[in-house]
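Everything below concerns the one structure shown next.
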Amino acid sequence: MARPKPAYTRVLLKLSGEALLGKLSYGIDFDRALSIAQEIKEVHDLGVQVAIMIGGGNIFRGIRGTAAGLDRAAADQMGLLATVINGIALQEALEKAGLFCRHVSAIEIKALAEPFIRRRIIRHLEKDRIVVFSAGIGSPYFTTDTAAALRALEIRAQVIMKATKVDGVYSADPMLDKSAKKFPTIHYIDVIKKGLKVMDSTAISLCKDNNLPILVFNLNRRGNIKRAVLGEKVGTLVY
Ligand code: UDP
């Protein structure tokens with residue numbers, strides 16, 4: 001049987017640290033990491049080049065440090081390191097799933113991960129390697145959502161696939177408000193105007209200014225990454 005034709009050939013998947021929590025309330029559930037890796041393999045098997053930006057919220061977010069009185073820049077550095085830990089775990093999981101993977105950190109940490117060299121990253125993707133980006137953009141005061149937008153543009157990904165716990169973008173938080181309505185599509189400007197929590201405003205603005213679409217979808221439904229890549233109606237498209 002012919003292989004189904006994907007709607008995208010190069011994607012940037014944004015996984016928050018929470019995606020790795022699985023049944024835990026802190027840290028990394030390795031079974032969950034492995035099941036995500038297997039889903040990524042299914043997408044890769046369709047011929048899609050996949051780069052991933054991994055967050056760190058399952059371990060540490062800068063905001064937690066500032067709440068405790070730490071300097072924001074120092075707290076964010078701790079958050080950056082949390083993403084590197086996740087990057088190592090995700091690389092392991094992807095390789096266990098049978099993929100070749102390169103872990104690329106935005107902060108220099110040579111013994112653990114490669115540096116970001118744009119042309120080299122594109123070459124990895126062309127050679128069918130999955131690229132895991134960690135350490136965001138390497139600077140405090142940013143999030144891994146903004147880093148996802150920046151890297152997606154740099155590697156010329158056609159879409160950011162923003163994996164979440166809900167089915168897309170809603171008019172209100174569907175976990176708190178039963179009358180919340182899901183948008184099948186929405187313009188960047190409406191996300192900003194309505195203050196919808198899709199990504200932070202820096203990330204949305206970067207996507208808007210460069211016409212980079214964002215597909216927001218539920219990672220907790222098995223097969224959704226593949227469905228989304230095949231162009232099935234999954235989640236909400238921000239464009
Ligand atoms: N962070 C940062 N600069 C970046 C990306 C991330 O300083 O470019 C820090 C920040 O403290 C953030 C933490 O790393 O809270 C973890 O990233 P994020 O909150 O985006 O992770 P996620 O919510 O996706 O798990």
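Nothing here was measured: the structure is a model prediction, and the numbers come from that model. Every number for a ligand or one of its atoms is a count from 1 in the order of the listing.
For atom 14 (O) of ligand 1, the closest heavy atom belonging to the protein is Gly79 C, 3.2 Å. Nearest protein heavy-atom contact of atom 17 (O) of ligand 1 is Thr144 CG2, 3.7 Å. Protein heavy atom at the shortest distance from atom 12 (C) of ligand 1 is Gly62 N, 4.0 Å. With respect to atom 10 (C) of ligand 1, the closest heavy atom belonging to the protein is Asp76 OD1, 3.2 Å. Protein heavy atom in closest approach to atom 5 (C) of ligand 1: Thr143 C, 3.4 Å. In this structure, atom 1 (N) of ligand 1 lies nearest to the protein heavy atom Phe142 O, 3.4 Å.
Taking 4.5 Å as the limit, every side-chain heavy atom of Lys233 sits out of range of all side-chain heavy atoms of Arg227.
The distance from ligand 1 to the heavy atoms of Gly136 drops below 4.0 Å at these ligand atoms: 4 (C), 5 (C), 8 (O). Listed by atom number, the atoms of ligand 1 under 4.0 Å from Gly55 heavy atoms are 21 (O), 22 (P), 24 (O), 25 (O). Near Ile137, meaning under 4.0 Å from any of its heavy atoms, are these atoms of ligand 1: 4 (C), 8 (O). Near Arg61, meaning under 4.0 Å from one of its heavy atoms, ligand 1 places the atoms 15 (O), 19 (O), 22 (P), 23 (O), 25 (O). Under a 4.0 Å criterion applied to the non-hydrogen atoms of Lys14, ligand 1 contributes the atoms 24 (O). Residue-ligand proximity, Gly57 to ligand 1, at heavy-atom distances under 4.0 Å covers atoms 21 (O), 22 (P), 25 (O). Near Pro140, with a cut-off below 4.0 Å to any heavy atom, the atoms of ligand 1 are 7 (O).
Looking at Ser139, Ala163, Ala147 and measuring to atom 3 (N) of ligand 1, the nearest heavy atom belongs to Ser139.
Residue Ile63 qualifies as open at atom CD1: its count of foreign heavy atoms under 6.0 Å is 12 or below. For Arg222, the CZ atom counts as densely surrounded, since its 6.0 Å shell holds more than 12 non-hydrogen atoms of other residues, nucleotides or ligands.
Counting only N and O atoms by type, the side chains of Thr143 and Asp145 include no donor and acceptor under 3.5 Å apart. For the residue pair Gln49 and His124, no side-chain donor N or O sits within less than 3.5 Å of a side-chain acceptor on the partner.
For the side chain to side chain contact (heavy atoms under 4.5 Å, CB included) test with Phe116, the passing option among Ile137, Ile107, Val104, Val131 is Val104; the others fail. When the options Val238, Leu237, Asp190 are evaluated for a side chain to side chain contact (heavy atoms under 4.5 Å, CB included) with Thr185, the one that passes is Leu237.
Inclusion of Gly56 in the set of residues having an N or O under 3.5 Å from an N or O of ligand 1 is warranted.
In terms of heavy atoms, Thr144 sits closest to Gly136 at CG2-CA, 4.2 Å.
Within the structure, ligand 1 has Leu80 among the residues with a heavy atom less than 4.0 angstrom away.
Between the Asn224 side chain and the Asn218 main chain, a donor and an acceptor come within less than 3.5 Å of each other.
When the side chains of ILVMFWY residues are joined at heavy-atom separations under 4.5 Å, either directly or via intervening members, Ile121 and Met53 end up in a single hydrophobic cluster.
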